[in-house]
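Notes for the one structure printed next.
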Amino acid sequence: MDVGLLGTGHYAPENVLTNADLEKMVDTSDEWITSRTGIEERRIATDDIDTSDMAYYAAKDALEEANVSAEDIDLILVSTVTPDTPFPSVSCMLQERLGATKAAAMDVSAACAGFMYGVVTGQQFIQTGVYKHVLVIGVEKLSKITDWSDRNTCVLFGDGAGAAVMGEVSEGKGILSFELGANGSGGEHLYQNDKNHLIMNGREVFKFAVRQMPDSAVKVIEESGYKKEDIDYLIPHQANIRIMEAARQRLGISEDKMATSIKKYGNNSSASIPMALSEAVKNGKIEDGDLIVMVGFGAGLTWGAIALRWGR
Ligand SMILES: CC(C)(COP(=O)(O)OP(=O)(O)OC[C@H]1O[C@@H](n2cnc3c(N)ncnc32)[C@H](O)[C@@H]1OP(=O)(O)O)[C@@H](O)C(=O)NCCC(=O)NCCS
């Protein structure tokens, strides 16, 4: 059975935080942020919008696009490192709010690679015939764990959500291959401290990402029986434009074939890839039959890549 994405959706909070705003908060400049990261602005959810709210809006969008009703969802997988509460899970909150009464629900913790872990997990349940429809969401309210006095990190992150409804697709479409990986020995480079703040060794994460993203992308594309030049659209984790550019150049694909939502959203951790994917579909950048590669990396350290043929 071929398993793919039947519909995608996303939600970005309205409240915009620009680089000029950050200049008033910490010792930084628009020039430093744009040249070192590619980020021009990011969205920050207001106090009345928590992680589960953003997940709900993205999920509704994806269900509508997929033309699947909430009652037909068998499993909800929410990837997040910033849940409303450690328990109950965001997926359970969503199950109730969507009215997905028959769905099992659990949260997945693999940081910025979490959406990749979610989609691959969903694929296993559908391919084995256990479930028919799986709802996967990547959502983060990173502003809750950002140290707004630390210029090394506060300029990088933003809030948002992206979602996909998974199910059976026609032969030759859907997920062609995947790679998931982890290296716990790198956990010290990106973690949450006892004040609940995100702490990062940017240089170490940069070195890891610049190697891992293209390696994983090449691996999944070759495992699917294709070559780098066959890629129609690349959706890398939106962490730093320089990391993304290094991946793009190693794959030898043109600028217009890579998602760059980082400019307006910053790094949304597990929401980055599904937000960029949903936007690309809505903007017509991804069309039926296109060969897509999604690739992410994050705290753990974790990574994941998926090659898929777009369409139902
Ligand atoms: C964080 C990152 C943008 C820093 O860029 P960089 O070019 O490596 O910059 P460096 O770490 O070498 O720092 C250079 C200088 O800029 C300073 N700096 C850091 N943040 C700054 C800011 N917002 N504004 C101005 N200066 C800043 C540093 O203090 C350092 O100063 P020093 O040389 O006096 O010590 C980059 O390392 C990165 O993107 N890493 C990967 C992060 C990532 O992907 N995280 C998400 C994982 S999911």
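Below, each value reflects all heavy atoms present in this structure, side chains not excepted, and no hydrogens, waters or symmetry copies. Note that the structure is predicted; figures quoted are calculated from it, not measured. All ligand and atom numbering here is 1-based and tracks the order in the structure.
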Are [X] and [Y] close enough that a side-chain donor and a side-chain acceptor fall under 3.5 Å?
X	Y	value
T37	N240	no
T18	E41	no
R312	N67	no

| request: Tell me whether the guanidinium CZ or amine NZ of R97 lies under 6.0 angstrom from the six-membered ring centre of Y56 and within 45° of its axis. | output: yes

| message | Checking the side chain of D159 only, and the main-chain atoms of L142 only, is there a donor and an acceptor separated by less than 3.5 Å? | response | yes

| said: Under 4.0 Å between a side-chain nitrogen and a carboxylate oxygen: does that hold for D61 and K282? | reply: yes

Run through all N or O atoms in ligand 1 and write down each protein N or O closer than 3.5 Å, as a pair with its distance.
residue  : atom   : partner : partner atom : Å
ligand 1 : 5 (O)  : R242    : NH2          : 3.4
ligand 1 : 7 (O)  : R36     : NH1          : 2.8
ligand 1 : 7 (O)  : R242    : NH2          : 3.0
ligand 1 : 9 (O)  : R36     : NH1          : 3.1
ligand 1 : 11 (O) : R203    : NE           : 3.4
ligand 1 : 12 (O) : R203    : NE           : 2.9
ligand 1 : 12 (O) : R203    : NH2          : 2.8
ligand 1 : 16 (O) : W32     : NE1          : 3.4
ligand 1 : 23 (N) : T28     : OG1          : 3.1
ligand 1 : 23 (N) : R151    : O            : 2.9
ligand 1 : 24 (N) : T28     : OG1          : 2.7
ligand 1 : 26 (N) : W32     : NE1          : 3.4
ligand 1 : 26 (N) : R151    : NH1          : 3.4
ligand 1 : 29 (O) : R151    : NH2          : 3.2
ligand 1 : 37 (O) : G202    : O            : 3.3
ligand 1 : 39 (O) : N240    : ND2          : 2.7
ligand 1 : 40 (N) : G202    : O            : 2.9

